[in-house]
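A short write-up of the structure that comes next.
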Amino acid sequence: MYQFAKLVQRIPANIPFVFFNCADYVNNSQLLMAQLFGYSKGAFTGAEADKAGLVEKANQGILFLDEIHRLPPEGQELLFYIMDKGIFRRLGETDMLRQAEVMIIAATTEKPESALLGTFRRRIPMVIEIPPISIRPLSERFALIQEFFRKEAHRIMSAIEVSQEAVRALLLFDCPGNIGQLLSVIQVACAKAFLSHVIHQAECIKI
């Protein structure tokens, strides 16, 4: 969406795009909130200096939040306050309001009505539901498989030979994790094949 918006010149080419996966800090909600909104010195143990959060870094741009269902209710409340008023506080601040104009794009693998606060959902103007990979045509999955192998080959700067059986398995296996799981399976397969290639000094990398 970000790249397309730049392509059709709906947004300036130089606006910031900031990515954050809320699942990275699922076991530490305080650190998650600190990453998003920043903190002031002494806000918690280890906060030795003031630090700007991702909301400030995305000011005048786009903040993409993946796995937003991992954001605790108080974080969702702070987000919709930004959406409503364009203001927020860093963690530990009591007498200073900061401003931010941010477009928020969020993704979740959960049903929004069960994972997000109703007050937060009401502030989301558009919801796009992407169908799971299991009900998409095989031609689309095949195109993804090709693209993922192409990227891996480029990353390791070596040709990768993929057998018909491997392609068939990737096309037909149950993939509840959708595209992310398909990518992960291919990356692991390439890593194992590359290791085997190095150990046995084979001519090419085979999957």
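Index from 1, following the sequence.
Taking the side chain as every heavy atom from C-beta outward, Leu79 and Phe37 approach each other to under 4.5 Å. With contacts defined as side-chain heavy-atom distances shorter than 4.5 Å, the pair Met33/Leu78 qualifies. A heavy-atom distance below 4.5 Å is not found between the side chains of Arg90 and Met96. Using a 4.5 Å heavy-atom threshold, the side chains of Phe194 and Ile160 count as separate. No side-chain heavy atom of Asn59 sits less than 4.5 Å from a side-chain heavy atom of Pro16. Phe120 places none of its side-chain heavy atoms less than 4.5 Å from the side chain of Leu71. Contact check for Ser196 versus Lys206: no side-chain heavy atoms found under the 4.5 Å cut-off. By the 4.5 Å heavy-atom criterion applied to side chains, Phe148 and Ile179 are counted as neighbours.
Other residues, nucleotides and ligands place more than 12 heavy atoms under 6.0 Å from the CZ atom of Phe173. By the neighbour-count criterion of 12 heavy atoms within 6.0 Å, atom CD1 of Ile130 is sparsely surrounded, having that number or fewer from other residues, nucleotides or ligands. Within a 6.0 Å sphere centred on CD of Glu165, heavy atoms belonging to other residues, nucleotides or ligands number more than 12.
Applying the side chain to side chain donor-acceptor pair (under 3.5 Å) test to residues at least two apart or on different chains, none of the pairs has a partner in residues 24-43. Judged as a side chain to side chain donor-acceptor pair (under 3.5 Å), the pairs with a partner in residues 67-79 (not counting sequence neighbours) are, in order, Glu67-His69, His69-Thr108. Sorted pairs that involve residues 109-122 and meet side chain to side chain donor-acceptor pair (under 3.5 Å), not counting sequence neighbours, are lacking altogether. Residue pairs satisfying the side chain to side chain donor-acceptor pair (under 3.5 Å) criterion with at least one member in residues 170-191, sequence neighbours excluded, are absent. Sorted by first then second residue, the salt bridge (charged side-chain N to carboxylate O under 4.0 Å, His left out) pairs that include residues 134-143, not counting sequence neighbours, are Arg136-Glu140.
Glu147 pairs by the side chain to side chain donor-acceptor pair (under 3.5 Å) definition with Arg150, not counting sequence neighbours. Residues meeting the salt bridge (Lys or Arg N to Asp or Glu O under 4.0 Å) test with Arg123, sequence neighbours left out: Asp84. Every side-chain contact (heavy atoms from CB on, under 4.5 Å) that Tyr2 has, sequence neighbours left out, goes to Lys6, Ile11, Ile15, Phe17, Ile62. With sequence neighbours excluded, the residues forming a side-chain contact (heavy atoms from CB on, under 4.5 Å) with Ser158 are Ile156, Ile205, listed by chain and number. Glu93 is linked by a salt bridge (Lys or Arg N to Asp or Glu O under 4.0 Å) to Arg98, counting only residues two or more places apart in sequence or in another chain.
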Pair Leu65-Leu36, side-chain contact (heavy atoms from CB on, under 4.5 Å): steps then yes or no:
CA-CA 10 Å; Leu65 299 174; Leu36 271 181; 3.6 Å; yes
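Apart from Ile87 itself, the hydrophobic cluster it occupies contains Tyr81, Leu97, where clustering links Ile, Leu, Val, Met, Phe, Trp and Tyr at side-chain heavy-atom distances under 4.5 Å. Summarising the hydrophobic clusters (Ile, Leu, Val, Met, Phe, Trp, Tyr; side-chain heavy atoms under 4.5 Å, direct or chained), the residues clustered with Ile199 are Leu195.
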